[in-house]
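In listed order, ligands and their atoms are each counted from 1. Predicted model, so just to flag it, every value in this text is computed and none were measured.
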Amino acid sequence: MPELDASNPPALVILTGAGISKESGLDTFRDADGIWARVRIEDVATPEAFARDPERVHAFYNARRRGLCGAGIAPNPGHRALARLEQDWPGEFLLVTQNIDDLHERAGSAKLVHMHGELLKARCERCDAVHRHEGDLSAATACPGCAGRGGIRPHVVWFGEMPFEMERIDAALRRCGLFVSIGTSGNVYPAAGFVQQALLSRAHTVELNLEPSEGASLFRERHYGPASEIVPAFVERLLRRTR
Ligand code: APR
């Protein structure tokens, strides 16, 4: 890590993926025991899948929503360390997550963008209204906004759709001096390309993961291990340099 000017700290952008929630009890996607080892993306995570068999897609997200709201699922020390970093970082801060769980919020993160949407929200394709929704969804679910039925979908980004808040994310990457990627395999764009954007901004780039990601060679600093251990240690070291 290059010298940090505590009086002029770099803008900090953090990207998280499913790996940061693994120790909280939520599955990742591409590990051997991951979600895509059990179900095909084409059957549950594309607009075509939803048009073809909406109840199949609803069942997939209903099961994940029940899992997330189930007993025993809670933020781990990795989520809590990032909430502390947001509180104590003296410069600009943005946490961009690919995750659709709410564990960052439950840990206290607020300067947060869910670029792939949120499992606990539903969107009406008739009126575009977005509402918090913790129970099961089905084609019969009425929209709380327009009362229409048959148009409700999970407020998540499917393959082939544009992630949310990309302009805000691009602006933050253009300004950032420190980019930290945590718990993501670097397989899915545009998130996997954020490190290149950060390098164009001459940012220092850090990867914290269980193992090297697809883009590992693009990171100037790399620490490997479980997020609940390496993220708090990294945050402590980083904050110590701003004092
Ligand atoms: N601590 C840190 N990293 C971990 C841990 C852990 N305990 N367990 C697993 N990992 C790492 C894995 O090594 C892997 O590199 O987390 C990464 C998870 O990668 P993926 O399963 O591909 O998840 P992610 O990168 O978030 O996927 C991106 O793909 O399917 C879409 O929309 C979905 O948002 C998701 C996107």
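Taking the side chain to side chain donor-acceptor pair (under 3.5 Å) definition, one finds that T184 meets it with Q98, sequence neighbours left out. Here E214 pairs with nothing under the salt bridge (charged side-chain N to carboxylate O under 4.0 Å, His left out) rule; sequence neighbours left out. Every residue meeting the side-chain contact (heavy atoms from CB on, under 4.5 Å) condition with R149, not counting sequence neighbours, appears here in chain and number order: A142.
A salt bridge is defined here as a Lys NZ or Arg NE, NH1 or NH2 lying under 4.0 Å from an Asp or Glu carboxylate O, and R243 with E236 meets this definition. Comment: E86 does not engage K111 in a salt bridge, judged by the lack of any side-chain N to carboxylate O separation of less than 4.0 angstrom.
Between F219 and F179, the ring planes lie parallel to each other; the angle is under 30°, not in the 30° to 60° tilted range.
If you look at ligand 1, the protein residues with a non-hydrogen atom under 4.0 Å away are G17, A18, G19, K22, E23, T28, F29, R30, D31, W36, Q98, H116, F159, G183, T184, S185, V188, N209, L210, E211, G225, P226, A227.
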